[in-house]
Amino acid sequence: MAETSALYKSDDVAGYPEVAHDVKARLFDEVKADLRFPDYLYGCYECGICVAACPSARFYDFSPRRIAQAIAREDVALVYQQMEEDIWECSQCFSCVRCPRGNNPGGLITIMREVAINNGLASAREALEGYSRIIYKIMSTGTQVSPDMLQPDAFPDWGPEVKDVSDNLALWRRALPPETLHTTSTGWDVAERTLIELYVIWLESGVLEMIREVDEGLHAILEEIMQDRLEEEGIEP
Ligand code: SF4
Ligand code: SF4
């Protein structure tokens, strides 16, 4: 694990923690070493088509063009700055894949996020802080929140809109087209075999290990749940 204290040489320079240049270069090398990288960047015309398609660019000081350009120019300082700031504004919708150059700025951001998480960058910890409960739910049960769970008392941090949804839950659920969304007893029920397969995938692919970098307590809980369940199945974790 990359220790945050060892990684950062000073706090909050220009709004984000500063690191030595060789650390920035190493992080950039990790981005470029990803198997998907050659498929996601072919140079940049600076045409701005990705920006026009990007919903996040409308609401934040964010631009997929700036991401593609910084990487294409191998600007390691700017790429590091983007990993501490910009990349968390992306909604991962991939509207930017209409790039005429064949780039995938959203895909580049996926890689940058993974590198940020694997190295325990402050931005990754901050961005994922509010998602511990959702990560726990998905990785322990194999599914996300169900419509029945949208109750204001259960999710006060989701704001006043949740009360409106829960007050009119029956209506909302009828409005959802897929049949499986109408009930919590079928579509949201993950088969035991599927759950075991998910545990093996999360353990073997290193996804569970990534959680350790941003939340050690959550990692320990999930690891225990998965290992106990796999041992019951006679699978060596
Ligand atoms: S659409 Fe492609 S070529 Fe145009 S600015 Fe965006 S990344 Fe660059
Ligand atoms: S994936 Fe990210 S960068 Fe691409 S269009 Fe969507 S929000 Fe914008």
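We count ligands from 1, going down the list as the structure has it; atoms in each ligand are counted the same way.
- Side-chain contact check for Leu208 versus Leu222: some heavy-atom pair is nearer than 4.5 Å.
- Among the backbone and side-chain atoms of Cys47, no N/O/S atom is found under 2.8 Å from atom 6 (Fe) of ligand 1.
- Looking at atom 6 (Fe) of ligand 2, its nearest protein heavy atom turns out to be Cys93 SG, 2.4 Å.
- Every atom of ligand 1 with a heavy atom of Arg65 under 4.0 Å away is listed here by number and element: 5 (S).
- For the ligand labelled ligand 2, residue Ser91 lies inside the 4.0 Å heavy-atom shell.
- Here the heavy atom of the protein found nearest to atom 1 (S) of ligand 1 is Cys50 N, 3.3 Å.
- Less than 4.0 angstrom separates some heavy atom of Phe94 from each of these atoms of ligand 2: 1 (S), 6 (Fe).
- Heavy-atom distances between Gly48 and ligand 1 reach below 4.0 Å in at least one pair.
- The Gly106 neighbourhood of ligand 2 comprises atoms 1 (S), with distances under 4.0 Å to a heavy atom of that residue.
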Please test Glu74 against Lys32 for salt bridge (Lys or Arg N to Asp or Glu O under 4.0 Å), starting from the C-alpha separation and ending with a verdict. CA-CA 10 Å; Glu74 307 226 330; Lys32 288 193 296 181; 3.3 Å; yes

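- The environment of Glu46 atom CD is dense: over 12 non-hydrogen atoms of other residues, nucleotides or ligands sit within 6.0 angstrom.
- Every atom of ligand 1 with a heavy atom of Glu46 under 4.0 Å away is listed here by number and element: 5 (S), 8 (Fe).
- Proximity to Pro100 (heavy-atom distance under 4.0 Å) selects the following atoms of ligand 1: 1 (S).
- At most 12 heavy atoms of other shown residues, nucleotides or ligands fall within 6.0 angstrom of atom CD in Glu224.
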Report the C-alpha separation of Glu192 and Arg229 in whole Å, then their side-chain angles, then the decisive distance to 0.1 Å, and conclude whether the salt bridge (Lys or Arg N to Asp or Glu O under 4.0 Å) test is met. CA-CA 10 Å; Glu192 276 298 294; Arg229 192 65 191 84; 2.3 Å; yes

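- Summarising the local packing, CZ of Phe94 is surrounded by more than 12 heavy atoms from other residues, nucleotides or ligands at distances under 6.0 Å.
- Considering only non-hydrogen protein atoms, atom 8 (Fe) of ligand 2 sits nearest to Cys54 SG, 2.3 Å.
- Ligand-side atoms of ligand 2 in range of Phe62: 3 (S), range being under 4.0 angstrom from any heavy atom.
- Residue Asn103 approaches ligand 1 through these ligand atoms, each under 4.0 Å from one of its heavy atoms: 2 (Fe), 7 (S).
- Checked by atom type and distance alone, the side chain of Glu89 never pairs as donor or acceptor with a backbone atom of Asp61 at under 3.5 Å.
- If you number the atoms of ligand 1 from 1 as listed, the ones under 4.0 Å from a heavy atom of Ala68 come out as 7 (S).
- The protein heavy atom nearest to atom 2 (Fe) of ligand 2 is Cys90 SG, 2.3 Å.
- In this structure, OH in Tyr199 is found 13.0 Å from CD in Glu223, a value given to the nearest 0.5 Å.
- Under 2.8 Å from atom 8 (Fe) of ligand 1 lies no N/O/S atom of Cys99, from backbone or side chain alike.
- A side-chain contact (heavy atoms from CB on, under 4.5 Å) with Met112 is found for exactly one of Leu27, Asp86, Val31, namely Val31.
- Between Cys47 and Pro100, some side-chain heavy-atom pair lies under the 4.5 Å cut-off.
- Heavy atoms from both the backbone and the side chain of Cys96 come within less than 4.0 Å of ligand 2.
- Counting protein heavy atoms only, atom 3 (S) of ligand 1 is closest to Tyr45 N, 3.2 Å.
- Between Cys90 and Arg113 there is a side-chain heavy-atom pair separated by less than 4.5 Å.
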